[in-house]
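Everything below concerns the one structure shown next.
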Amino acid sequence: MTEPHLSVAQARKRYLMYVAVRFAGLAVMAIGLWLTRTVGEAPGVAVALIGGLTLFVRPKHLGLTTK
């Protein structure tokens with residue numbers, strides 16, 4: 001079964017969402033590192049792990065690839 005191709009506008013929108021998720025994840029990881037140094041290890045590591053989980057989002061999850 002083949003899926004219909006995305007329009008250029010829809011593909012651009014999904015790609016920008018993918019890039020935004022990546023940058024947001026990196027920002028959350030940086031906040032987690034800052035929290036580790038200022039507040040304590042447990043809350044900072046938890047926040048950093050949440051940020052790290054966003055790095056597992058792939059273009060396939062947003063429907064950007066056909067395979």
Side-chain angles (χ1 to χ4, degrees):
M1 299 177 92
T2 60
E3 297 178 11
H5 293 286
L6 294 174
S7 68
V8 173
Q10 186 70 14
R12 182 177 295 126
K13 179 180 172 185
R14 288 187 184 186
Y15 180 72
L16 290 176
M17 184 171 55
Y18 167 72
V19 171
V21 166
R22 299 289 286 207
F23 283 136
L26 290 173
V28 169
M29 285 179 66
I31 291 170
L33 292 175
W34 176 77
L35 283 174
T36 300
R37 292 178 183 217
T38 58
V39 175
E41 194 164 317
V45 170
V47 171
L49 286 175
I50 291 171
L53 289 176
T54 63
L55 298 178
F56 287 104
V57 173
R58 298 287 177 233
K60 178 178 74 171
H61 299 141
L62 299 176
L64 290 172
T65 60
T66 57
K67 289 184 179 182

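One is the number of the first residue; the rest follow in order along the sequence.
Leu35 and Leu53 are members of different hydrophobic clusters when ILVMFWY side chains are connected at heavy-atom separations under 4.5 Å. With hydrophobic clusters built from ILVMFWY side chains whose heavy atoms lie under 4.5 angstrom apart, Leu26 shares a cluster with Val19. Linking ILVMFWY side-chain heavy atoms closer than 4.5 Å, directly or via other members, places Leu55 and Tyr18 in a single hydrophobic cluster. The hydrophobic cluster containing Val45 does not contain Val47, counting ILVMFWY residues as joined when their side-chain heavy atoms lie under 4.5 angstrom apart, directly or transitively.
In this structure, Thr54 OG1 and Leu49 CG are separated by 11.0 Å, a value rounded to the nearest 0.5 Å. Distance check: Thr36 OG1 to Ile31 CD1 gives 11.5 Å after rounding to the nearest 0.5 Å. The CD1 atom of Ile50 sits 12.0 Å away from atom CE of Met29, with the distance rounded to the nearest 0.5 Å. The distance from the CZ atom of Arg22 to the CZ atom of Arg58 is 5.5 Å, given to the nearest 0.5 Å.
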